[in-house]
Amino acid sequence: MIDIKFVRETPDILRAALANRNSKGVDVDILLDADKERRTLVHEMEQLRAAQNQASLTIGELKRGKQDAAAAMAEMKLVSDRVKMLDEQVRAVDEQLSNLLLSVPNLPDASVPVGRDEHANRIERAWGTPRTFDFEPRDHVDIGERLGILDFATGVKLAKARFCLVRGMGARLERALYNFMLDLHTGEHGYTEILPPYAVNSDTMQGTGQLPKFAEDSFKLEGHDLWLIPTAEVPVTNIHKGDILDASELPKYFTALTPCFRSEAGSYGADTRGMIRQHQFNKVELVKLCTPETSFDELDKLTANAETVLQRLGLPYRVMTLCTGDMGFSAAKTYDIEVWLPGQGKFREISSCSNCTDFQARRANIRFKRGKKPEFVHTLNGSGLAVGRTAIAVLENYQEADGSVVIPEVLRPYMGGVEAIRPQGKT
RNA sequence: GGAGAGGUGGCCGAGUGGUUGAAGGCGGCGGCCUCGAAAGCCGUUGUGCCGCUUCGCGGUACCGCGAGUUCGAAUCUCGCCCUCUCCGCCA
C-alpha cells in the first residue's frame, strides 16, 4: 500500500509512476477527492464528539447531584444522531479510500528501467557457459519420460492438467535439491528455516498484496476463509504482521520450503508442455525484513544467495532487472534470475528477487522502533530457488546422449552417492 | 463437531453504565542514593487518525473483532473469531 500522504502531497509523481507501470486503471483524482472528503467529515465528527464528551461529564455531575438533566440529554440526543450520520459517511468513504489504495501498485525505484514489457528488461550479468552438445539436446519432458521419472498423464488423472507426478529418482532429485538449498541458506547465508502453514486467511493474503486484486490467481478453500499459498512469501512475510519490532532485531532472514499453488488464470496456452508452469510446485523462498536504508543492499545480497545455488550446481544463468511495466504489483525493484535450458534453447525464469520497500509493511502493518515514532520495515523476497524448475535445468543441462542424466557433484551426498540417473535396464 | 470457562496496556491483574487510556504489581526507561552495584525512594512508560504557532500542543479513537442499546459503554444486547478444560474424532 502506498502512503496516502504521498498521494496528497505529490500526486504528479504518482501519476507518472503509474503510467510507467501500465496501471491506467487507477484514477488519482478519485483518490484525492475521497481523501479530502474523508478529512472534512472526520473533522466535523470529532468536533461534535468533543462536545458530546464534554456534555456527558456535565450530565453525570447533574445526576450525581440529583439535579434535572433532561434538557441537556435532549440536546445531546440531536448531536448523537448527527454523529451517527457522520460516522456512517466516514465509514463509507474510508472503505472507498482503502479499496482504492489497496489497488495501487508499488512505485518503481528510480534505478528501474522504464518500459512496457519484458523487451525492456535489462541484462545485468551472466554466469557460466552453456555446454555444447555433440547430439541434439532433448527437453526435460523427453528426458523425464524416458527415464520414467516424470509422469504427466497420471498427474492429469489424479487432478487435472498442469499437475504432474514425479517418481523414483526424479522425486529423489527434487528432495536432494531442496535439502541442498535449505542447507546452503541456513548454514552459509544466515537464514532461519520456517515451516509455515500452506493455507492462510484473507488478511494475510492482503498483507503481501495477493488480495484484493488478484483473487483469481489463487485457490480458495471452499467454505473457509483460507487460501492455498501461491508462495511462501505470503505466510513468511506476514509472520510479523501487526508487530512493532525492536531495531536491534533487524534484519531478519527467513527461508522456507513450501509447495506453491497457482491457478494460472490468464496463462491458457502458455507453457503447456512439461513442468515449467504447474498448478503446484515446490519452492525454497528467501524472505527478509530490514530497515529502509539497507533494503537495496539486502536485495543484492539476497539475489547473490539465490545465484550461489546455480553456481554450485554448475547451471549457466543470467540476471535481469525487470522494467517498470514487467514488475509485480508489490515490487519496487525486481531481479529475475534466468537459467539456461538447452532443451528449449532459452533462458527461463528460475527466481524472482524483489525489494517491496514499505509497500507490504504498510499493508501488513509491520513496523520497527528506533526513535520515538515506529517506522515501517522494508520487506524483500526471492526464490532460492524454484525447485521444480531447477530439476528441469539439471535434467536438460546434465543429459547424456544415451538418455541418462549426470548428478551434479554437490547433490550426490543428498542422493545417496548416486552419480547418474540412467534409463531402466541400463546401469 | 458437542458442553463449559474465558479473552483488559510489553507481562500479570483490578474494574458490571458517568472525571477510566484504564487501579495495583512486574518489566522497561530517567533520576536520587552509592566508590560501584543491589535494595530503597521519586518520576516516566502504547498505537492510529485529524488539526495546529510541529524537537511540541490540542482533539478523537482504540479494553479479541464487528454491529446494536444509551445523552454517555471496558462495563448491557446480538453475531463472529480465538484460547483453555472435558467429551467425541484423529496423524
Side-chain angles (χ1 to χ4, degrees), chain A residues 1-9 31-102 195-207 211-212 220-227 235 238-250 252 259 358-377:
Chain A
M1 190 155 62
I2 54 163
D3 187 356
I4 184 64
K5 288 186 193 119
F6 173 83
V7 181
R8 201 182 289 156
E9 284 157 21
L31 254 174
L32 288 170
D33 287 348
D35 175 51
K36 197 167 181 192
E37 191 189 350
R38 179 180 173 278
R39 282 188 295 158
T40 307
L41 289 169
V42 164
H43 188 71
E44 189 189 344
M45 182 173 78
E46 292 196 343
Q47 283 191 325
L48 288 179
R49 281 238 167 100
Q52 225 177 355
N53 289 339
Q54 210 49 47
S56 280
L57 293 180
T58 316
I59 292 172
E61 277 167 35
L62 287 174
K63 291 221 164 186
R64 268 192 303 278
K66 305 281 186 223
Q67 287 175 281
D68 180 36
M73 282 167 64
E75 190 186 331
M76 278 306 110
K77 174 70 180 158
L78 297 176
V79 176
S80 170
D81 289 343
R82 174 74 183 148
V83 166
K84 245 170 233 176
M85 220 177 78
L86 284 167
D87 187 54
E88 242 167 76
Q89 290 175 31
V90 168
R91 208 176 304 163
V93 96
D94 252 344
E95 201 190 324
Q96 186 201 3
L97 190 58
S98 98
N99 284 341
L100 286 168
L101 281 175
L102 286 171
L195 202 167
Y198 298 162
V200 297
N201 59 38
S202 297
D203 188 58
T204 299
M205 288 284 276
Q206 183 173 295
L211 291 181
K220 172 115 202 288
L221 298 185
E222 191 176 339
H224 302 270
D225 179 30
L226 287 173
W227 303 76
N238 279 288
I239 288 173
H240 288 292
K241 178 171 74 172
D243 290 349
I244 300 178
L245 302 165
D246 191 273
S248 64
E249 295 176 73
L250 299 175
K252 280 181 176 283
D358 62 356
F359 184 83
Q360 294 179 323
R362 232 173 250 290
R363 294 176 155 245
N365 199 19
I366 308 168
R367 292 172 292 172
F368 75 103
K369 211 169 177 180
R370 55 183 164 187
K372 232 173 133 47
K373 277 271 180 194
E375 303 168 56
F376 289 108
V377 302

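In this text, all values refer to a predicted model and were calculated from it rather than measured experimentally. Lettering follows sequence order; numbering is per chain, from 1.
A donor-acceptor pair under 3.5 Å links the side-chain atoms of A/Arg363 to the main chain of A/Gln206, judged by distance alone.
The side chain of A/Ser80 places no N or O atom within less than 4.0 Å of a non-bridging phosphate oxygen (OP1 or OP2) of B/rU70. Taking 4.0 angstrom as the limit, A/Arg91 places none of its side-chain polar atoms (N or O) nearer than this to OP1 or OP2 of B/rA61. Distances shorter than 4.0 Å separate some side-chain N or O of A/Lys373 from OP1 or OP2 on B/rG48. Distances shorter than 4.0 Å separate some side-chain N or O of A/Arg39 from OP1 or OP2 on B/rG51. Residue A/Arg367 places at least one side-chain N or O closer than 4.0 Å to OP1 or OP2 of B/rG48. Contact between the side-chain N/O atoms of A/Lys63 and the OP1/OP2 oxygens of B/rG18 is not found at any separation under 4.0 Å.
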List the steps and the verdict of side-chain contact (heavy atoms from CB on, under 4.5 Å) for A/His240 and A/Val377.
CA-CA 10 Å; A/His240 288 292; A/Val377 302; over 6 Å; no
Check step by step if side-chain contact (heavy atoms from CB on, under 4.5 Å) holds for A/Arg82 and A/Gln52.
CA-CA 11 Å; A/Arg82 174 74 183 148; A/Gln52 225 177 355; over 6 Å; no
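Taking atom P in both B/rG24 and B/rC80, the straight-line distance is 38 Å, to the nearest Å. With C1' as the reference atom, B/rG21 and B/rU77 are 25 Å apart, rounded to whole Å. Separation of the C1' atoms belonging to B/rC12 and B/rU69 is 33 Å when rounded to the nearest angstrom. For the C1' atoms, the distance linking B/rA22 with B/rC62 amounts to 12 Å, nearest Å. For B/rU75 and B/rC63, the C1' atoms lie 10 Å apart once the distance is rounded to whole Å. When the P atom is used for both B/rA91 and B/rG4, the distance is 29 Å, rounded to whole Å. Separating the P atom of B/rC71 from that of B/rC84 is a span of 41 Å, rounded to the nearest Å. Comparing the same atom, P, in B/rG15 and in B/rA23 gives a spacing of 14 Å after rounding to whole Å.
When each of A/Arg8 and A/Gly60 is assigned the nucleotide of RNA chain B with its nearest heavy atom, A/Gly60 is the one assigned upstream, toward the 5' end. Mapping A/Lys5 and A/Pro374 onto RNA chain B by nearest heavy atom places A/Pro374 closer to the 5' end of the strand.
Rounded to whole Å, the distance from NZ on A/Lys84 to P on B/rA67 is 13 Å. Atom pair A/Glu95:CD and B/rG66:P shows a separation of 13 Å (rounding to whole Å applied). Computed from coordinates, the A/Asp81 CG to B/rU69 C1' distance equals 13 Å when rounded to whole Å. A/Leu62 places its CG atom 15 Å from the P atom of B/rU19, with the value rounded to the nearest Å. For A/Arg82 and B/rU60, the CZ to C1' distance is 17 Å, given to the nearest whole Å. What separates CG of A/Asp3 from P of B/rG48 is a distance of 12 Å, to the nearest Å. The distance from atom CG of A/Leu41 to atom C1' of B/rU60 is 15 Å, rounded to the nearest whole Å. Separating the CG atom of A/Asp87 from the P atom of B/rC62 is a distance of 10 Å, rounded to the nearest angstrom.
Proximity of A/Val200 to A/Leu226: side-chain heavy atoms (C-beta onward) are nowhere separated by under 4.5 Å. Contact of the A/Glu88 side chain with the A/Met85 side chain is not registered, since no non-hydrogen atoms from C-beta on lie closer than 4.5 Å. Between A/Glu44 and A/Gln89 there is no side-chain heavy-atom pair separated by less than 4.5 Å.
Across the strands present, B/rC41 finds its partner in B/rG31; the criterion is a Watson-Crick or G-U wobble pair with both atom distances under 3.5 angstrom. Under the Watson-Crick or G-U wobble criterion, with both distances below 3.5 Å, B/rG7 is paired with B/rC81. Searching all strands for a Watson-Crick or G-U wobble partner of B/rU60 with both distances below 3.5 Å returns B/rG48. Using Watson-Crick or G-U wobble geometry with both donor-acceptor distances under 3.5 Å, B/rC71 finds its partner in B/rG18. Using Watson-Crick or G-U wobble geometry with both donor-acceptor distances under 3.5 Å, B/rC86 finds its partner in B/rG2. Pair check for B/rA91 finds none; no Watson-Crick or G-U wobble contact set falls under 3.5 Å.
Of the residues in residues 43-53 of chain A, A/His43, A/Glu46, A/Arg49, A/Ala50, A/Gln52, A/Asn53 come within less than 4.0 Å of RNA chain B through at least one heavy atom, sorted by number.
Note: A/Glu95 CD to A/Leu100 CG = 10.5 Å, rounded to the nearest 0.5 Å. Note that CG of A/Leu102 is 10.0 Å distant from CG of A/Leu211, once rounded to the nearest 0.5 Å.
Of the options A/Asp358, A/Leu245, A/Ile244, a side-chain contact (heavy atoms from CB on, under 4.5 Å) to A/Arg367 is made by A/Ile244 and by none of the others.
For A/Lys77, the listed nucleotide lying nearest its side chain is B/rC71; candidates were B/rG46, B/rG56, B/rC71. Of the listed nucleotides (B/rC71, B/rG46, B/rU69), B/rG46 has the atom at the smallest distance from the side chain of A/Lys369.
Among the heavy atoms of the strands lying under 4.0 Å from A/Met73 is at least one base atom, whether or not backbone atoms are also near.
In the model, A/Thr204 has a side-chain atom that pairs as donor or acceptor with a side-chain atom of A/Asn201 under 3.5 Å.
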